[in-house]
Amino acid sequence: MIRLHDTMARKKRAFEPADPKRITIYVCGPTVYGRAHIGNARPAVIFDLLRRVLEHRYPDSEVIYARNVTDVDDKIIASAEAEGVATSVITDRYEGHYLADMGALGVAPPTLAPHATREIGPMVAMIEELIAKGNAYEAEGHVLFHVPSDPQYGELSRRDRDAMLAGARVEVAPYKRDPADFVMWKPSADGVVGWDSPWGRGRPGWHIECSAMIRSHLGETIDIHGGGLDLIFPHHENELAQSRCAHGGAALARYWVHNGFVDMGAEKMSKSLGNIVTPAELLSQGHKGETLRLALLSAHYRQPLAWTDDLLDQSKAILDRWYRQLGDVEPFGEIAPFWEALYDDLNTPKAIAVINEFLRSSEQQPNDDHEFFQGNREQMQQAVAASAKALGLLTMSTDEWFRGKGDAVDIEARIAARVEAKTRRDFVEADRIRDELKAEGILLEDGAAGTTWRKV
Ligand SMILES: [Zn+2]
């Protein structure tokens, strides 16, 4: 039995899908106007793992995992204006980067990736229904959801009205009937991306996008709605209010699952604080995608994760050990305590510890009976390898894992980077690369024919 912490219930609950043949998950995806940082990668990796766990538990079920792409937004419009290009140039570029960066972390593409700009019809339809039911109103080209019309509003985030108004950074606008009312549709000025609607040319707000796309792709009530902790309020509270009111009180999701932040020092990693680290930067520094994935899985998903160099070093050391012992082992079978840990609200630190414990015991007493495998060392190694793979790790051969840094291709690439640094007269960087190679035992010799290298 899988147990998940449900934000609505404020406790762990046994997971029971509404239809065990068709399990539905929706996770709020990226707003595509910049490169994803490690904090953005955390939910992508966590929910990728949750999907794998559900597929393990319900092998005969179809797990439908939807992750949307927000490709209309004020920040996208501002980026497009700053570059003097169409918004689609910005959104295509950063969606491509997002898929490549998450792919490098072993995140499989979702079953469905609905795009906001392709779903304007369903959003307009839902807004019209909410107006007809008295939950929304039009004012000065805007359509607003009227918060006091929903007595259950605030149920997910459990905030009182003052905290809600503060948390939503409510914009005071003369056309609002209540300060907590939020925008579902807003007018677009000439030259700004927009669509015709019953309320004039405009564009949707962010919250209505998810409500409408969940309904059109997955249904009125889904099994699991996921995202980062920062989405509980106002985004998920607002999605929930819109869907509940449009659907006669039906719940939007049966379980609400939220992941904690990634911290840099004492602060949350965020674009607005300017303290971000991106997977792209880390990969270009030679870290492997699996190292970043293991680092992201090393803390329980609900806890904050402190992102440090030590964390990366430890994750790399663990994977080195796994690859040395398991990289070329054919995966087969299972270890019960590993799956018990994952079934218990995705307890990844425990699941990782189970793998390490099995490896330690096989190192220390290779011929002794193990309680699960009665001395069959090969069988045990196969089951441990299968467990590591179930985390989305151990995807390459031992040889591939240990090659890379320090091989001829890598050295040539760094020599090329040094030549490039010299041509732009960045001698500090050129010297840094030379010294870094020297520390690894590679000596560079500059001659008339270019730079050659030798190992010392
Ligand atoms: Zn959403």
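Just so it is clear, the model here is predicted, and its values are computed rather than measured. Counting starts at 1 for both ligands and their atoms, following the listed order.
Partners of Arg432 by salt bridge (Lys or Arg N to Asp or Glu O under 4.0 Å), not counting sequence neighbours, listed by chain and number: Glu429, Glu436. For Arg42, there are no salt bridge (Lys or Arg N to Asp or Glu O under 4.0 Å) partners at least two apart in sequence or on another chain.
Between the side chains of His56 and Glu334, at least one donor N or O lies within less than 3.5 Å of an accepting N or O.
The Zn ion (ligand 1) is the vertex of the angle joining SG of Cys28 and SG of Cys210, which measures 130° to the nearest 10°.
Sorting the N, O or S atoms of Glu239 by how far they are from the Zn ion (ligand 1) puts OE2 first.
Taking the six-membered ring where tryptophan is involved, the planes of Tyr137 and His146 are perpendicular, since the angle between them exceeds 60° and thus also 30°.
His235 lies close to the Zn ion (ligand 1), since one of its N, O or S atoms is found at a distance under 2.8 Å.
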